[in-house]
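The model shown is predicted, which means the values in this text are computed figures rather than measured ones. Throughout, a chain's letter reflects where its sequence line sits, starting with A, and its residues are numbered from 1.
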Protein chains: 2
Amino acid sequence: MNDNEYPMNTDSIDEKWSDGEREILRATYRAMVEHGYSSLSISKIADELGKTKASVYYHYDSKEELLVSFLDFVVDRFKSDLAEERTEPPDTALENVIERLVPLELDDERFHGQVVLLELRSQTSRNEAFRDRFTEINELLVGIVRDIVERGIETGTFRDVEAARVAEHIVATVNGARIDRVSTDRGAAPAAVRVSLSSYIDSELRKRE
Amino acid sequence: MNDNEYPMNTDSIDEKWSDGEREILRATYRAMVEHGYSSLSISKIADELGKTKASVYYHYDSKEELLVSFLDFVVDRFKSDLAEERTEPPDTALENVIERLVPLELDDERFHGQVVLLELRSQTSRNEAFRDRFTEINELLVGIVRDIVERGIETGTFRDVEAARVAEHIVATVNGARIDRVSTDRGAAPAAVRVSLSSYIDSELRKRE
DNA sequence: GTCTATAAGGTGATAGAC
DNA sequence: GTCTATCACCTTATAGAC
């Protein structure tokens, strides 16, 4: 389902956005971290960019167009952050994906990234393009987990469960924990969920005897 | 932890808000459903109220104050919607709570309620009062589930698991499914999570032999 | 309590010079 | 590509009449 995924962390030859556009998208990201989605404006983006509003409008015809492009930018980062070698044994692969999605420690940069994602997610009911992207993200996550579980069943590591159903469960739990982390002060919750997920994987997936 | 909870659906004697305030809060709710948090304005609320902006400012000194009051209003509704007799046996009590939080069918009214909650939740990183309320909501949910699980352990229905940890897991899963529902087009996901949660409860909680 | 009128400033967006 | 200047409009909030 995802053949052409490369780690785009480094700014390699990437034709998706021009240099000017990427500078604007990066400025948008900073403006969003600082001011939040609901008080984001072209002026604030331009300030962050170090140029004037008119410069922004040279690259984007409207705020709406910029925001959809920004959403792609953020989703792209999320996806490439997730892209990883999948050669490890299924049980450690599963644990690695979970660790990546719900790390025990979350540095400021990733924390801000999750806040931005949550703020964008809150726009899904009002904007179809937004809803499409988050549908895509969740399907990607479920697909990754499902593939690992299926591989585990084939190799005999896991019991013969319904992979799709288990994947939905794990992704829902992971998403719940992620959103809890950025929207409450319940610092201990992510760790509790991590432990509980391991236990779940153990009792529902891992073969006994 | 929650002795004084009554179903406040009907407008009984409730000293928390004056009649005028409640009218404004209800108008705010309608305006929010229609326009979304990020384009919510006093004008739109006044329009929905059928009065002028100045009338709103007679009851609230600032938009900020109104919004925090509105948050209380919404959280209150959420809590009273959850308040329920807890006399059923633990296993059905648990299933009922889950059914209530992640119903298989979601009518428009409740759907809008969850959208509003998600939009308010997206403000948590920018506003401490908001974060406090959502911390409270999640702790309430975890508390409800934990109590049921503990009761199940005492009565011998459930195995002797770590109730707090299992509660965190269930609440995270439920929250993930709830947010998935309002922010993606993955219509089948909530049902899949429901099935998977039942299976989880069965294998992790329910006593065998 | 609700109104009209108004203030001061921010918003998205465009025209035209360089 | 970036700038200045400008537009019409919307924003939060207040003053004062009724």
Worksheet entry | Between Y200(B) and Y200(A), ring centroids under 6.0 Å | yes
Discussion item. Pair S122(B), Y37(B) - check side chain to side chain donor-acceptor pair (under 3.5 Å), show working.
Written reply: CA-CA 10 Å; S122(B) 77; Y37(B) 181 91; over 6 Å; no
Review item, nucleotides 16-18 of chain C N/O atoms under 3.5 Å of protein N/O:
none

Worksheet item: Going by atom types only, do R186(A) and T135(B) share a side-chain donor-acceptor pair under 3.5 Å?
Response: no
Item to complete: Calculate the interatomic distance between I42(A) atom CD1 and dT2(D) atom C1'; express it in whole Å.
Response: 16 Å
Worksheet item: Would D180(B) and N138(A) count as a side chain to side chain donor-acceptor pair (under 3.5 Å) if you check the C-alpha gap in whole Å, the side-chain angles of each, and the deciding distance to 0.1 Å?
Response: CA-CA 8 Å; D180(B) 195 334; N138(A) 269 24; 3.0 Å; yes
Item to complete: Would you kindly give the NZ-to-P distance between K51(A) and dG1(D), to the nearest whole Å?
Response: 9 Å
Worksheet item: Got a sec? Which of residues 56-66 of chain B come in under 4.0 Å of DNA chain C, heavy atoms?
Response: Y58(B), H59(B)
Worksheet entry | Lys/Arg N to Asp/Glu carboxylate O, D76(A) vs K79(A), below 4.0 Å | no
Discussion item. Rounded to whole Å, please give me the gap between NZ in K53(A) and P in dC7(D).
Written reply: 13 Å
Worksheet item: Taking OP1 and OP2 of dG10(C), is either one under 4.0 Å from a side-chain nitrogen or oxygen of S41(A)?
Response: no
Worksheet item: Are side-chain heavy atoms of E168(A) and V145(A) found at a separation under 4.5 Å?
Response: no
Worksheet item: Under 3.5 Å, is there a donor-acceptor pair between the E204(A) and S203(B) side chains?
Response: yes
Worksheet item: Taking the side chain of S55(A) as heavy atoms from C-beta outward, which of dT4(C), dT2(D), dG12(C) is closest to it?
Response: dT2(D)
Worksheet item: Among dT4(D), dT11(D), dT4(C), which nucleotide sits nearest the side chain of S43(B)?
Response: dT11(D)
